[in-house]
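Every value quoted in this text rests on a predicted model; they were computed, and no experiment measured them.
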Amino acid sequence: MRRLAMVATAVAAIGAGGAACAGLGLGGFEEPVVTVSDVRVNGLGLTGGSVDIKLNVYNPNNFRIDGTQLTYRLWVDTIPFGSGTTTENFVVSSKDSTIVTLPLDFTWQGVGTVGRAVMNTGTVPYRVAGDMRVSSAVGSITVPYDRTGRFSPLR
C-alpha cells in the first residue's frame with residue numbers, strides 16, 4: 001500500500017511538471033520553418049567541392065529560441081547532396097527569422113542533377129531535414145524540421 005502511494009505521488013508530480021512546461025510555452029511549441037535562402041561555393045576539386053548553405057530559420061512561437069546545435073541533411077531532387085552538424089549558437093526572436101550558415105562538402109554525383117534542373121526550370125527542388133537543439137527554461141530540447149522547396153541559384 002505504501003509503495004502504491006509513492007507511485008501515485010510520483011505520477012502526480014510528473015503530471016504537475018508537464019503542466020508547468022505547458023505554462024512556459026513548451027507545450028504549444030511550434031516547429032520552426034527552415035528553408036534554403038542561399039548557396040555560396042567555397043571551393044572546387046577533382047572529387048567535389050564545398051559550399052556554404054544559408055538556411056533561413058523562422059520562429060513561429062511567441063518566445064525566443066536559443067539554438068545550440070543544428071543537424072542537417074540536404075537532398076537535391078531525390079539525390080542525397082550532403083549532411084552535417086553545426087554547434088554554432090544562434091538566436092531566433094519571437095515571430096522572426098535568422099540566417100544560419102552551414103558548411104557542406106559535396107561530390108560531383110549530385111551536381112549533374114542540379115545542372116539539369118537549372119537548365120530545365122531555372123530552379124532546383126530540394127529537401128532539407130534534421131533537428132535543432134534549443135535551450136529553454138527547463139533545459140535543452142531537440143526539435144525536428146523537414147522542409148521541401150525550390151531554390152533559384154540564378155537569382
Side-chain angles (χ1 to χ4, degrees), residues 14 17-155:
I14 291 169
C21 289
L24 290 172
L26 296 178
F29 188 88
E30 291 184 57
E31 182 178 306
V33 178
V34 180
T35 56
V36 175
S37 68
D38 198 10
V39 178
R40 301 284 177 182
V41 176
N42 291 327
L44 301 173
L46 293 175
T47 60
S50 68
V51 295
D52 281 339
I53 306 290
K54 294 188 182 280
L55 297 182
N56 183 58
V57 180
Y58 173 72
N59 176 11
N61 297 288
N62 290 320
F63 49 86
R64 180 175 106 168
I65 293 175
D66 294 325
T68 59
Q69 178 177 314
L70 191 134
T71 66
Y72 53 96
R73 292 178 309 282
L74 178 68
W75 292 264
V76 174
D77 201 4
T78 57
I79 296 173
F81 198 75
S83 62
T85 301
T86 183
T87 55
E88 292 290 322
N89 291 344
F90 60 94
V91 175
V92 189
S93 297
S94 169
K95 307 286 184 193
D96 201 1
S97 55
T98 193
I99 299 294
V100 178
T101 302
L102 307 172
L104 184 94
D105 293 328
F106 66 90
T107 64
W108 289 115
Q109 174 187 359
V111 174
T113 302
V114 173
R116 281 188 298 280
V118 170
M119 289 181 69
N120 290 335
T121 66
T123 62
V124 177
Y126 71 85
R127 177 179 175 214
V128 62
D131 54 52
M132 62 183 77
R133 186 174 307 143
V134 296
S135 59
S136 69
V138 294
S140 183
I141 59 173
T142 301
V143 181
Y145 67 91
D146 193 335
R147 194 75 165 175
T148 59
R150 297 190 78 79
F151 175 73
S152 176
L154 303 176
R155 64 179 162 99

For Asn42, all residues meeting side chain to side chain contact (heavy atoms under 4.5 Å, CB included), sequence neighbours excluded: Ser50, Asp52
Other residues, nucleotides, ligands: >12 heavy atoms within 6.0 Å of Glu31 CD: yes
For Asp146, all residues meeting salt bridge (charged side-chain N to carboxylate O under 4.0 Å, His left out), sequence neighbours excluded: Arg127
Verdict with reasoning, Leu70 to Thr85, per side chain to side chain contact (heavy atoms under 4.5 Å, CB included): CA-CA 6 Å; Leu70 191 134; Thr85 301; over 6 Å; no
Test side-chain hydrogen bond (donor to acceptor under 3.5 Å, both in side chains) applied to Asp131 - qualifying residues, sequence neighbours left out: Thr71
Donor-acceptor contact below 3.5 Å, side chain Asn59 vs main chain Phe63: yes
Interatomic distance, Met132 atom CE to Thr86 atom OG1 [nearest 0.5 angstrom]: 12.0 Å
Sequence-distant partners of Arg147, side chain to side chain contact (heavy atoms under 4.5 Å, CB included), two or more places apart: Val33, Thr35, Val128
With Ser83 via side chain to side chain contact (heavy atoms under 4.5 Å, CB included) - residues at least two apart: Arg73
Nearest-0.5 Å distance that lies between atom CG in Leu55 and atom OG1 in Thr98: 11.0 Å
Sequence-distant partners of Thr87, side chain to side chain contact (heavy atoms under 4.5 Å, CB included), two or more places apart: Gln69
Validation row: Val92, Tyr58 side chains within 4.5 angstrom (heavy atoms): no
Pro32 side chain reached by Ile65 side chain, heavy atoms, under 4.5 Å: yes
Side-chain heavy atoms of Tyr126 within contact of Val76, under 4.5 Å: no
Asn89 vs Val91 side-chain heavy atoms within contact, under 4.5 Å: no
Sequence-distant partners of Arg64, salt bridge (charged side-chain N to carboxylate O under 4.0 Å, His left out), two or more places apart: Asp66
Side-chain H-bond candidate by donor/acceptor type, Thr101 with Lys54, under 3.5 Å: yes
Residue pair Lys95 / Asn61, side-chain heavy-atom distance below 4.5 Å: no
Side chain proximity check, Ile53 to Tyr72, heavy atoms < 4.5 angstrom: no
